[in-house]
Amino acid sequence: MAEYDPQAVEAKWQKIWEEQHAFEADADPDRPKYYSLEMLPYPSGTLHMGHMRNYTIGDAVARYRRMRGFNVVHPMGWDAFGLPAENAAIQRGIHPREWTLGNVVEFKRVCFRFGFSYDWRREIATCDPEYYKWNQWIFLRMLERDLAYRKKSRVNWCPKCGTVLANEQVVDGCCWRHEDTPVEAREIEQWFFRITRYADELLNGLDVLGDGWPERVITMQRNWIGKSRGARVRFEVAGLTGKSIEVFTTRIDTIYGASAIILAAGHPLVQELIAGSPNRAAAEKQLDTMKQTSVKDEDVATAEKVGFATGRDAVNPFTKEKLPIWVGNFVLMEYGTGAIMAVPAHDQRDFDFCTKYRLPTPIVIQPLEGAPLTDTALKQASSEYGKLVNSGPYTGLTSEDAITKMTADADAHGFGKGETTFRLRDWGVSRQRYWGTPIPVIYCERDGMVPVPDDQLPVRLPEKVSITGMGQSPLANTAEFVNIKCPKCGGPGRRETDTMDTFVDSSWYFLRYLDPHNDKMPFDPVAAGYWFPVDQYIGGITHAILHLLYARFFTIVLRDMGLVSTGEPFTRLFCQGMVLKGGMAMSKSKGNVVGAMEMADKYGADTGRLYTLFAAPPEKDMEWSEQSVEGCARFLNRVFRLVEHHGGEVRQHAAGVGDLAGASDKEKILLRKTHQTVRRVTHDFETRWHFNSAIALLMELVNEIHVQEPLAEGARPTVIKEVLELLTLMLAPMSPHIAEELWEMLGHSGGLIRASWPQFRAEFAAEEQVEVVIQMNGKIRGKITVDVGLDEDSLVARALAEPRIKGMLDGQKIVKRIVVPDKLVNLVVK
RNA sequence: GCCGGAAUGGCGGAACUGGCAGACGCGCGAGACUCAAAAUCUCGUGGUGCUUAGCACCGUGUGGGUUCGACCCCCUCUUCCGGCACCA
């Protein structure tokens, strides 16, 4: 008898799939299409099972959809630009390209070893000039549409390295290579994409995605875009005629409680306000200190609030009272107007700041219910809506009414108006680094900024550069790259030396897959039109905001250019959890990885895949357990032996029986369990991709078959064959190699890859009897077995007839009865 | 700090729409097979108590609430995880 040898079985079928071009898919308008996609991986060094989870889930999805009759496109490629390749270059002296492409070779080898069903003809790498050429092309179209522009913006700067640092390179506010050197904020001119133009559309689109996207991702995106309605209010600066400060507030109803105006350090008026101050020197020093911080939002938000008074006052347009103007580190230039009115009693951040600097905290809103607030007892801000007090003519109004009325009054008097703002900021795409797409513009002394003409694309990265991580960016140091004739006048020009954020690469790659070799356009709208949009997108929850928002933005822009017909790229989104070991995410740096190749060599790819899907529902984090892997290997062995044992006797028979007439009890039990399994597994796949419970159901089915052994006594070969075939088919999306082998053992020669998903038959799955629970006051007091579909009255009668229930009811009165047919009877007694 | 999640036996997890908590797997215990081992197979396995063929009570992070009935809904708190715009 043959043993199950995963290595041999897997190599055999991988070769056959390759020879048959089994996963290559071409547009076919006569067939329903399905675009199954996993998030573009960054090809880092060692591949571990944490990486494999995403692709295992995606492959099961793709294989299942193929079995359901869809024309499935399932591509794979590489997010090949980025910081780690430059770090490798610095540390090991390897060129980033060499390091990256080496990783790609290894990554692909693992993909083959795991039997992932990719159409490799569509493979792309973002560092390939044939790919990034189209990044540049899209950038130029953005420029034409005023969607790309330059402005000054803050970056992290390490004075010792003399270079810009990524947020990741800032550790505890200091440079990662100089742990004693605090990072400074520096302003430099950078390129931005005007994503805010589409803020409303990106927000509204979320409503449409509600069916196919996880609720939490929709919520996070909605909060990220952060639409808020409020008012812009102008405060005159006392003693500086014609100068005023505008603030944005969502709580104009609290304006009588304002005790200061606070500006961001970068606010354009700051210098003018401190100009005449006797404390000017001290103020300048404070401003410098505020610059000694990283530009990470997280660092800004957790930093202790500090500030200083400018010495000037602003006039509250409602009360005509003077309010001191301060500068505070917690006010962001990027949001609203870069200035706020501080209402300490009703905003926690204002409260923290004002109590620290002993500014008054007047109460102007009282809660609608509960104890009223008192000045002396105020321990924290109360930001709830309520009723206005001490607010002049508005006293007595509710917050809602006051917001409407005060906004209208501000408008009527000309010092304010209603306004909607977004938290969303424009997307900074400039990077002062080598390993990325060069931004295709040239600066000419005469003509200024000149776009590189389309026919000169791609602007290629120079090969010979020195990458040190110190000083200005490698491209800026490469004279042959920088010095270029102006395309307009032919005079001396300088190339832009910034490269693009790698998020640009991953914002449209899913379209390039659909027409990967086009050298005239990023993709042909007709070729892409058949497959687009992506039907199922799968990736980590870590990408819930940035990548998914940028990809949606790009798709809207491409739609407006007429290249695609929809603005939403991903109809359905699935976010898988992380793989943990020892409670931490698997990562090489933490030394807790389980290597993908090691896994395949020791247990086989099918076992690795099965375990990855079995250990937890795919959207949750899973803890890796080597012992549980053994359990999955045992299960596959068990199935193999089962089919091996019966294969010979059933292979020449056709599977299935027409109906249950004449079926033995054993046959009925087997067919019932099998078809119930088909129904439930199909349901798990269709609704939420719960492979873990689907696998548990297959295990139950195998257990049931074992209970019914020996099958030769009491079950016809056609029935046995049907049971084993359906089991094999259901296993195929998850452990495809062994499924192919079993399919062959059952007498098929065509290859399971072309087989259909099994059809569930209700008449086979139907139960004849069910167990119904009898409760008294919600506690279980007995169980009865009854025919399916028994009516309520009969159920109660049966329950009352139970001797045990009868005894317990003695002397008590039934006040209510609740009946759930086929499930339970609950008697409420007194 | 802000936004979003999660918490169920010794472990991973199951429980569809508010209706038998612990499916399935791991681990552990007992047994069969074997000279022996591995593999395989069978049985048992949340806790406590008792008058132990069974029965009762407790039990889904904390404390409260709604309900005939709550892992599930509402409020509170705790801990852990993800994101925070230059990691990808």
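Naming: A, B, ... by sequence-line order, numbering from 1 per chain. Values in this document were obtained by computation on a predicted structure and should not be read as measured data.
- Across B:rU51 and B:rA37, the matching P atoms stand 41 Å from one another, rounded to whole Å.
- Judged by closest nucleotide on RNA chain B, A:Arg349 is the one of A:Cys632 and A:Arg349 placed further toward the 5' end.
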Polar atom pairs (N or O), protein with nucleotides 17-21 of chain B, under 3.5 Å:
unit_1: B:rG19; atom_1: N2; unit_2: A:Gln775; atom_2: OE1; d: 3.3
unit_1: B:rG19; atom_1: N2; unit_2: A:Asn826; atom_2: ND2; d: 3.3
unit_1: B:rC20; atom_1: O2; unit_2: A:Lys783; atom_2: NZ; d: 2.6

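- Taking atom P on both B:rG61 and B:rG13, the two are 14 Å apart, rounded to the nearest angstrom.
- The shortest distance between the side-chain N/O atoms of A:Arg680 and the OP1/OP2 oxygens of B:rA14 is not below 4.0 Å.
- Between the CG atom of A:Asp299 and the C1' atom of B:rG1 there is a distance of 11 Å, given to the nearest Å.
- Under 4.0 angstrom from either OP1 or OP2 of B:rG25 there lies no side-chain N or O belonging to A:Asn692.
- Listed pair A:Lys620 / B:rA7 meets the phosphate criterion, a side-chain N or O lying under 4.0 Å from OP1 or OP2.
- Within 4.0 Å (heavy atoms only), A:Arg679 reaches no atom of the nucleic acid at all.
- Between A:Asp299 and A:Val170, the closest heavy-atom pair is OD2-CG1, 4.4 Å.
- Here the separation of B:rG19 from B:rC71, taken at their P atoms, is 10 Å to the nearest Å.
- As judged by a 4.0 angstrom heavy-atom cut-off over every strand, A:Asp684 is placed among residues making no nucleic acid contact.
- Distance A:Glu704 CD to B:rA23 C1': 14 Å, rounded to the nearest Å.
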Verify salt bridge (charged side-chain N to carboxylate O under 4.0 Å, His left out) between A:Glu304 and A:Lys356, making sure each step is shown before the conclusion. CA-CA 10 Å; A:Glu304 183 173 356; A:Lys356 176 172 177 179; 3.0 Å; yes

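- In this structure B:rG9 sits in the syn conformation; its chi angle is within 90° of 0.
- A:Lys673 has a carboxylate O that lies under 4.0 Å from a charged side-chain N of A:Glu700, or vice versa, which qualifies the two as a salt bridge.
- Here A:Ser625 lies out of heavy-atom contact (under 4.0 Å) with every strand.
- Without hydrogens or angle criteria, A:Asp822 side chain to A:Val788 main chain gives no donor-acceptor distance under 3.5 Å.
- Heavy-atom nearest nucleotides on RNA chain B were determined for A:Met622 and for A:Phe614, and the one closer to the 5' end corresponds to A:Met622.
- We find that A:Glu626 and A:Lys602 are joined by a salt bridge, their nearest charged nitrogen and carboxylate oxygen being less than 4.0 Å apart.
- Rounded to whole Å, atom P of B:rC3 lies 13 Å from atom OH of A:Tyr335.
- The interatomic distance linking A:Phe635 (CZ) with B:rU40 (C1') rounds to 16 Å, in whole Å.
- One P atom belongs to B:rC72, the other to B:rU60, and the distance between them is 9 Å to the nearest Å.
- Between the P atoms of B:rU40 and B:rU8, the separation comes to 30 Å (whole Å).
- Residue A:Asn637 places no side-chain N or O under 4.0 Å from the OP1 or OP2 atom of B:rU40.
- Taking the six-membered ring for Trp and thresholds of 30 and 60 degrees, A:His547 and A:Tyr537 have ring planes inclined between 30 and 60 degrees apart.
- Nearest to the side-chain atoms of A:Gln627 among the listed nucleotides B:rG27, B:rC3, B:rC57 stands B:rG27.
- Regarding A:Arg222, its CZ atom lies at a distance of 14 Å from the C1' atom of B:rC3, rounded to whole Å.
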Could you walk me through whether A:Phe193 and A:Tyr149 pass the ring pair (Phe, Tyr, Trp, His ring centres under 6.0 Å) test, one step at a time? CA-CA 7 Å; A:Phe193 283 160; A:Tyr149 68 97; 9.2 Å; no

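- Using P as the reference atom, B:rC73 and B:rA14 are 16 Å apart when rounded to the nearest Å.
- In this structure, A:Arg53 contributes its side chain and A:Gly577 its backbone to a donor-acceptor pair below 3.5 Å.
- Nucleotides B:rU79 and B:rC28, compared at atom P, are 35 Å apart to the nearest Å.
- Side-chain atoms of A:Asn156 do not come within 3.5 Å of backbone N or O of A:Ser294 as any donor-acceptor pair.
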Working note: A:Ser506 + A:Asp79, criterion side chain to side chain donor-acceptor pair (under 3.5 Å); need CA distance, chi angles, decisive distance, verdict. CA-CA 7 Å; A:Ser506 55; A:Asp79 191 14; 4.8 Å; no

Letter by letter from the 5' end, nucleotides 70-88 of chain B scores (B base, S sugar-phosphate only, - none; protein heavy atoms under 4.0 Å) -----------SSSBBBSB

Checking A:Gln221 against A:Trp213 for the side chain to side chain donor-acceptor pair (under 3.5 Å) test, could you report, in this order, the C-alpha distance in whole Å, the side-chain angles of both residues, the deciding distance, and whether it holds? CA-CA 11 Å; A:Gln221 290 222 351; A:Trp213 282 39; over 6 Å; no

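- Between the P atoms of B:rG4 and B:rG59, the separation comes to 32 Å (whole Å).
- Atom CG of A:Leu549 and atom P of B:rC3 are 18 Å apart (whole Å).
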Worked check of ring pair (Phe, Tyr, Trp, His ring centres under 6.0 Å) between A:Trp508 and A:Tyr131: CA-CA 11 Å; A:Trp508 69 281; A:Tyr131 183 84; 4.8 Å; yes

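- Across all strands shown, A:Ala615 has heavy atoms under 4.0 Å from sugar-phosphate atoms exclusively, and none from any base.
- Residue contacts for A:Arg634: at a heavy-atom cut-off of 4.0 Å it reaches the sugar-phosphate backbone alone, with no base atom in range.
- In this structure, A:Lys305 fails the cation-pi test against A:Phe353, since its NZ or CZ atom is not both closer than 6.0 Å to the six-membered ring centre and inside 45 degrees of the ring normal.
- The CG atom of A:Leu642 sits 14 Å away from the C1' atom of B:rU40 (whole-angstrom rounding).
- The nearest whole Å value for the distance from the NZ atom in A:Lys779 to the P atom in B:rU67 is 18 Å.
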Hey, mind stepping through A:Phe81 and A:Tyr132 against ring pair (Phe, Tyr, Trp, His ring centres under 6.0 Å) and telling me if it holds? CA-CA 10 Å; A:Phe81 275 138; A:Tyr132 70 68; 5.6 Å; yes

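- Helical stems of RNA chain B (runs of at least 3 Watson-Crick or G-U pairs, donor-acceptor distances under 3.5 Å) are listed by first residue: B:1-7 with B:78-84, B:10-12 with B:24-26, B:27-32 with B:40-45, B:46-50 with B:54-58, B:63-65 with B:73-75.
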